[in-house]
**Q** 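To start, I am sharing the structure in question, which I have written as structure tokens.
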Amino acid sequence: MAVSDADMVRAWTHVLTLSKLKPQDVVTVLTSDSTHPQTLRTALIAAGNLGARVNRLDLPPVNAEFAHSRDSLAYLGTTPLTGNRAAMAALKESDLVLDLMTLLFSPEQMEILESGTKILLAVEPPEVLVRLLPSLEDKATVGEAAALLKAAKEMRVTSKAGTDLRLPIGEFPVVQEYGFVDEPGRWDHWPSGFSFTFPNEGKASGRIVLDRGDILLPMKSYLTSQIEMTVENGFVTAITGGLDADLLNDYMDAFDDPEAYAISHVGWGTQARARWSTLGLYDREQTLGMDARAFAGNFLFSLGPNNEAGGSRVTACHIDIPMRNCTVALDGREVVRDGKILAQKEPA
Ligand SMILES: O=c1ccc(O)c[nH]1
């Protein structure tokens, strides 16, 4: 469903206001060939209406010779900012960067954030952005999940399909994604609605059984058969099953990088307005699949880099896997049961 410019300007105004944009703030809008024209057009209007000093920085696409997917989250690592002193200077001098091209997880992104610049990623199509407009309630809900993660020493994930995964945690920070950037140096992604951390380096262990209907991203596919993963010392050491497993193995083999098999972020979705089934209604190149990452009650884990959290892994291969019907327990206390979020009685 198309979105009117008026609605999209209102959406941007809402998100920029939640992001505490003030008159005279310097805003730089990062664009590339894949930037959605309406998202860009309306971002410039909304930021200008709020009195910001607005720049545009258009960067050429990179990695075409390596990536096997057009999804902007599929191939990470070097970005058009790598070695680009002029662009880095402009972004570090900005109060707010609206990333309409995807810098996710890049070393350059970390450097820009360390300067106090806020970065908001927004590359889903306008109708997804408008439908999943962030709210202060989203921030509160994500914050509750984050508080539980911060207090925990171990996450254990089980399922009737046979998953039994032990994840000692505490070594890495907890990341909250609620869709706006209201503090200096904060990165966020509009749309979202989930919180996660990373397992202590080398400590994840157990078995993951991906069941029918679980989702692979960037494949944007719902599994039609089970995939079994063996996890030892923080890495997936075996991926077995039928055609779905073969396709995943073949894709990951292309990176020829053992770090691609590391367990990366682990957490759960809290966005009640996102749905598991939405991905099936979009062409796979139209969307990143943020409904799949954010739907309330999923167990979302990923494979690959952990440099976003200060870890050493910068592999270009990044796979996100939202699972249904899992039970997530923190130090023995269930926070999600069979894919449903449990209200926590006493605050964490
Ligand atoms: O918003 C995102 C998107 C992908 C990812 O792996 C984490 N957060």
Side-chain angles (χ1 to χ4, degrees), residues 15 19 30 34 39 67 69-77 79 97-106 109-110 113 118-125 128-129 132-134 138-139 141-142 145-146 149 172-181 186-199 214-220 236 248 251-252 255 259-271 273-274 278-279 282 284 286-296 298-311 313-323:
V15 171
S19 300
L30 259 187
S34 59
T39 303
S69 160
R70 289 163 54 93
D71 183 301
S72 59
L73 300 186
Y75 191 93
L76 302 174
T79 74
V97 170
L98 301 181
D99 175 2
L100 308 190
M101 50 81 69
T102 309
L103 286 177
L104 191 65
F105 293 161
S106 64
Q109 173 168 296
M110 301 298 131
L113 292 168
K118 301 185 285 185
I119 301 179
L120 182 65
L121 174 63
V123 293
E124 284 286 51
V128 177
L129 293 174
L132 294 180
L133 204 59
D138 291 344
K139 176 176 179 180
T141 309
V142 170
L149 277 170
F172 293 104
V174 171
V175 177
Q176 300 185 52
E177 291 196 28
Y178 45 78
F180 53 94
V181 284
R186 175 171 172 73
W187 172 87
D188 210 316
H189 186 172
W190 169 30
S192 55
F194 48 88
S195 182
F196 57 75
T197 187
F198 295 72
D214 289 344
I215 291 170
L216 295 181
L217 300 169
M219 295 77 187
K220 317 264 177 41
V236 173
L248 177 59
Y251 173 82
M252 294 183 75
F255 290 85
E259 290 193 345
Y261 297 86
I263 300 288
S264 179
H265 56 74
V266 292
W268 65 95
T270 59
Q271 182 51 266
R273 289 174 286 145
T278 303
L279 181 70
Y282 277 81
R284 62 179 59 173
Q286 268 185 328
T287 173
L288 290 175
M290 287 309 289
D291 276 81
R293 288 185 180 86
F295 74 85
N298 75 24
F299 167 59
L300 171 67
F301 79 101
S302 76
L303 301 177
N306 68 350
N307 63 307
E308 177 206 10
R313 287 197 311 276
V314 290
T315 178
C317 179
H318 175 51
I319 313 272
D320 279 326
I321 306 179
M323 297 172 68

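Along the sequence shown, residues carry numbers from 1. Both ligands and their constituent atoms are indexed starting at 1 by order of listing.
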**Q** So for ligand 1, is Asp320 a polar contact partner (N or O within less than 3.5 Å, distance only)?
**A**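 Yes - when backbone and side-chain N and O of Asp320 are compared with those of ligand 1, one distance drops under 3.5 Å.
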**Q** Near His318, which atoms of ligand 1 are under 4.0 Å from a heavy atom of that residue?
**A**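 Once the distances to His318 are compared, the set is 4 (C), 5 (C), 6 (O).
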**Q** Does a side-chain heavy-atom distance below 4.5 Å link Val123 with Leu288?
**A**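 The answer is yes, as the side chains (C-beta and beyond) meet within the 4.5 Å cut-off.
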**Q** For Met290, take its heavy atoms, then give the atoms of ligand 1 lying under 4.0 Å from any of them.
**A**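 Selected atoms, number and element: 1 (O).
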**Q** Hey, is Leu121 touching ligand 1 through its side chain, its backbone, both or neither, going by heavy atoms under 4.0 Å?
**A**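 No part of Leu121 comes within reach of ligand 1.
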**Q** Show me which atoms of ligand 1 lie under 4.0 Å from any heavy atom of His189.
**A**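 Ligand 1 atoms under the 4.0 Å threshold to His189: 1 (O), 2 (C), 3 (C).
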**Q** Going by heavy atoms in the side chains, are Arg273 and Asp138 under 4.5 Å from each other?
**A**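 SC-SC contact between Arg273 and Asp138 confirmed.
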**Q** Of all the atoms in ligand 1, which lie at a distance below 4.0 Å from a heavy atom belonging to Leu73?
**A**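 Result: 3 (C), 4 (C).
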**Q** Does Arg293 qualify as a cation-pi partner of Phe301, given the criterion of NZ or CZ under 6.0 Å from the six-membered ring centre and within 45 degrees of its axis?
**A**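 No, Arg293 and Phe301 do not form such a contact.
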**Q** For Tyr251, give me all partners under ring pair (Phe, Tyr, Trp, His ring centres under 6.0 Å), at least two apart in sequence or on another chain.
**A**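 With sequence neighbours excluded, Tyr251 shows a ring pair (Phe, Tyr, Trp, His ring centres under 6.0 Å) to Phe255, given in chain and number order.
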**Q** With sequence neighbours left out, what residues match Trp268 under ring pair (Phe, Tyr, Trp, His ring centres under 6.0 Å)?
**A**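 In terms of ring pair (Phe, Tyr, Trp, His ring centres under 6.0 Å), with neighbours along the sequence ignored, Trp268 is linked to no residue.
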**Q** Which residue is it: Asp188, Val142, Leu149? I am looking for the one with a side-chain contact (heavy atoms from CB on, under 4.5 Å) to Gln176.
**A**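 Exactly one candidate clears the test, Val142.
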**Q** Please list, in number order, the atoms of ligand 1 under 4.0 Å from a heavy atom of Glu177.
**A**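 Near Glu177, meaning under 4.0 Å from one of its heavy atoms, ligand 1 has 1 (O), 2 (C), 7 (C), 8 (N).
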**Q** Numbering the atoms of ligand 1 from 1, which are under 4.0 Å from a heavy atom of His265?
**A**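 Once the distances to His265 are compared, the set is 5 (C), 6 (O), 7 (C).
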